[in-house]
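Each remark here refers to the structure printed beneath this line.
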Amino acid sequence: TTNNITHPSTLVFHFKGPISCSFSDQIALPDLAAAAMENWGLVTYYEGSLLYEEGVSSVLNKEQIATTIAHELAHQWFGNLVTMKWWNDVWLNEGFATYMSLFAVDNVEPTFQLKELNILANLHTAFEMDALASSHPLSPPQEEVQKTSSIIQMFNSITYCKGAAVLRMLADIVGERVFIEGVKTYLSDFSYKNTDQNDLWRSIQKAEDKNGGHTQVARFMEPWTKQIGYPVITINTTNGEVNQKHFLFNDSAESRHVLNGRCFSENRVYVESHEFLSKNGEWILANINCTGYYRVNYNPENWDRLLTQLEIDPHRFPPMNRGQLIDNAFFMARAKLVEVTLALNSTRFLRKELDFLPWQLTVRNLEYFVVMFDRSEVYGPMQACVIKTSFFCFQMLAIEVACSNELPECLEMATKMFADWMNSNNTNPIHPNLRSVIYCQAVAAGGKKEWDFAWARYQSSSDTSEKEQLRVALSCTKKTWLLNRYLEYTLDPDKIRLMDVDSTISDIAWNPAGHALAWNFIRAHWDYVSQDGDMLINAVTSRFSTQFELDELERFKAEYDLGPAANEVYQAIEQTHVNIQWVRENKDAILEWFERETAE
Ligand SMILES: *[C@@H]1O[C@H](CO)[C@@H](O)[C@H](O)[C@H]1NC(C)=O
Ligand SMILES: *[C@@H]1O[C@H](CO)[C@@H](O)[C@H](O)[C@H]1NC(C)=O
Ligand SMILES: *[C@@H]1O[C@H](CO)[C@@H](O)[C@H](O)[C@H]1NC(C)=O
Ligand SMILES: *[C@@H]1O[C@H](CO)[C@@H](O)[C@H](O)[C@H]1NC(C)=O
Ligand SMILES: *[C@@H]1O[C@H](CO)[C@@H](O)[C@H](O)[C@H]1NC(C)=O
Ligand SMILES: [Zn+2]
């Protein structure tokens, strides 16, 4: 069962486009700098972003493909039919395409249940970058986005994820019906024209006024699009007081947020009892369904009640809020607004959790702990604890967590399944949904034989999803010499295509055994690897948490031509500062928590 797909260039799909009676063709190409490009009439995709084959591709591939197609088709309206005046407002394209794809995918395939998952994933991603003082406003002044490199830098998680999040917030404030009415007016009034964000505000204002609403759209939205960052709202349920401040990982960084009060008061905060004073010791939960682009913190007593409620009956809260509570607790702890043990305590209710959302958010947040501690003595007790709690039912996530924490049964299973494939004479017995995680774990547990087999398969396979899974799996080995050889392969376009260079190096950098090698490697070959170095710095510096690493990063900034990677380097420097301090202040408490939890 190898690949039955027709040659990509003959594979063209037709979709009805925005102009009546016209069609949009979709084509898969072996080489493309981005995952896809929304050219009007002929949308181009990197093969793996469009081609799906039953029995080879995983469900995850299918979901990603659906999301990408929906995103590109949304661009036929947002971007192609109506185009932003200048690149500073590119969020009008990307935020809308990201937001609209949620509905499109949900509509054609509700069983994926992707909407809420993607909403929270987008929020988490935007919140991460936007918690740095070196973030940028969603819609910066035009004069700040003039050079090619500044334009390229605009294509980041702020533009996509924060863009989608603030649109969702606006839709919630004016109501979805009014929002859609306003957007329709926007699309028809500005067909074949150029817009800035004020044109969008005016269109939605028209619909709001017509429907008797009172929101001042531009006045409400401007603080969210023109300022960096987001607020954290602190609710004290003992006295009913509420205050807000700019949320930053570095609490001593200068806040550039104009606290005008409007952000919050016009941004309706939903609570159980519609007030913030707790009666009879009841909990209060704000930002139901996470529609607001802000985080919520509480007094310790209310946190305690919320966590108790989660342990008794988590289903009192919507799944999004269960995920968000954990995410909030972990981010608050990173910003030193709550104790780190509170965040860890919030994961206890997961034993009863059957929904995927809260688990996914937990795994994402624990990733930060993993990269901070996987080279230290905290790692042992942490692994033991994760194994103890993960008897959950999400197979792929479970295998990933169990195997990456070196649970012997898991490693044996992965090794055996992979060996069956090596001995199977061309038929792959591994279920498509499990391939990516089994490949990675088997290569990690194995040696040269497994690596060479995977490499040979990578080179000979003509199936894009299989190729992609193998390319990632090759970075999972723990053998330094294999990782070094793999890094060298990225310099040879016959081995690793230029478009895959940066993700290959990033994958190697995520591996604790490859992190230092990758950092040395990109400095030695910066001219080559930075040609398409999207998010490379972010991945390679993710573990940086020592003064020595910070000094190296500062030297890198001073001595290299950073080009479009400049902002990423500034953000990495700030993040490293924050990490150093966080590890210093929290390591002991975290070690103690994990040790106690596993002793119980
Ligand atoms: C926090 O920001 C302040 C002011 O900008 C800066 O001096 C300090 O180095 C930063 N600290 C960390 C941990 O990033
Ligand atoms: C939250 O979302 C759920 C599911 O989408 C919906 O049923 C509920 O009405 C929403 N709650 C609020 C307050 O918007
Ligand atoms: C909440 O309000 C009470 C009563 O005014 C006060 O004693 C307490 O310190 C406040 N808690 C926080 C976290 O601000
Ligand atoms: C976390 O849970 C432990 C054990 O139940 C408790 O002693 C501790 O106070 C909790 N920490 C916080 C910050 O709530
Ligand atoms: C493997 O496949 C080849 C070619 O189809 C065949 O000649 C050979 O006998 C097979 N070996 C095994 C062990 O099945
Ligand atoms: Zn796009």
Side-chain angles (χ1 to χ4, degrees), residues 102-103 105-107 110 112-120 123 168-179 232-245 267-279 281 283-292 296-312 315-326 328-351 355-358 385 389 585-586 588-600:
L102 299 170
F103 296 90
V105 175
D106 205 48
N107 202 32
F112 284 170
Q113 297 184 305
L114 273 185
K115 194 164 150 202
E116 299 193 334
L117 210 60
N118 280 340
I119 288 171
L120 273 198
L123 267 178
R168 181 164 173 263
M169 181 164 71
L170 177 58
D172 181 64
I173 296 286
V174 298
E176 210 163 271
R177 201 174 48 81
V178 172
F179 180 76
V232 49
I233 288 158
T234 304
I235 299 176
N236 185 344
T237 62
T238 308
N239 61 8
E241 269 177 26
V242 177
N243 61 60
Q244 67 159 354
K245 67 172 201 151
N267 181 357
R268 285 174 285 154
V269 174
Y270 298 103
V271 291
E272 273 287 297
S273 56
H274 294 282
E275 55 179 70
F276 302 113
L277 191 59
S278 163
K279 300 192 187 77
W283 49 263
I284 284 176
L285 177 73
N287 202 5
I288 295 295
N289 287 350
C290 318
T291 49
V296 187
N297 192 12
Y298 305 96
N299 50 320
E301 296 79 10
N302 195 57
W303 269 115
D304 207 45
R305 288 177 203 129
L306 288 167
L307 297 192
T308 306
Q309 177 65 52
L310 278 175
E311 286 203 57
I312 300 169
H315 301 278
R316 273 293 271 125
F317 305 140
M320 290 241 265
N321 282 93
R322 300 206 294 280
Q324 185 73 333
L325 270 174
I326 294 183
N328 268 338
F330 274 94
F331 269 68
M332 296 303 160
R334 280 168 68 178
K336 290 175 276 175
L337 296 173
V338 303
E339 293 188 33
V340 71
T341 49
L342 187 142
L344 292 166
N345 283 357
S346 78
T347 62
R348 287 213 183 104
F349 85 92
L350 288 168
R351 286 165 202 166
D355 238 296
F356 185 65
L357 263 181
C385 179
T389 37
E585 289 172 3
N586 292 297
D588 293 345
I590 292 168
L591 181 59
E592 200 181 299
W593 192 91
F594 281 117
E595 280 177 345
R596 211 189 40 225
E597 206 68 4
T598 38
E600 264 172 20

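Start at 1 and go down the list; that is how both ligands and their atoms are numbered.
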Is_contact(atom 11 (N) of ligand 3), protein non-hydrogen, under 4.0 Å = yes

Any heavy atom of Asn345 under 4.0 Å from ligand 4? The part involved is side chain

Point-to-point distance, once rounded to the nearest 0.5 Å, from CG of Leu325 to CH2 of Trp303 | 5.5 Å

Taking both backbone and side-chain atoms of Asn236, is any N or O found less than 3.5 Å from an N or O belonging to ligand 3?
-> yes

Can you list the ligand 4 atoms lying under 4.0 Å from a non-hydrogen atom of Thr341?
-> 11 (N), 13 (C)

Is it the case that more than 12 heavy atoms not belonging to Glu592 sit under 6.0 Å from its CD atom?
-> no

Write down the atom of Glu241, the atom of Asn239, and the distance for their closest heavy-atom approach.
-> N-OD1, 3.0 Å

Closest non-hydrogen protein atom to atom 5 (O) of ligand 3, residue and atom name please, with distance?
-> Asn239 ND2, 3.1 Å

Which of the ligand 4 atoms, numbered from 1, are nearer than 4.0 Å to a heavy atom of Leu342 | 13 (C)

Point-to-point distance, once rounded to the nearest 0.5 Å, from CG of Leu123 to CD of Gln324 = 6.0 Å

Any heavy atom of Glu311 under 4.0 Å from ligand 4? The part involved is neither

Over all atoms of both residues, closest heavy-atom pair of Asn297 and Val338 = OD1-CG1, 3.4 Å

Heavy-atom nearest pair, Asn289 first then Met320, reads O-CE, 3.2 Å

Here the atoms of ligand 2 under 4.0 Å from any heavy atom belonging to Asn289 are 1 (C), 2 (O), 3 (C), 8 (C), 10 (C), 11 (N), 12 (C), 14 (O)

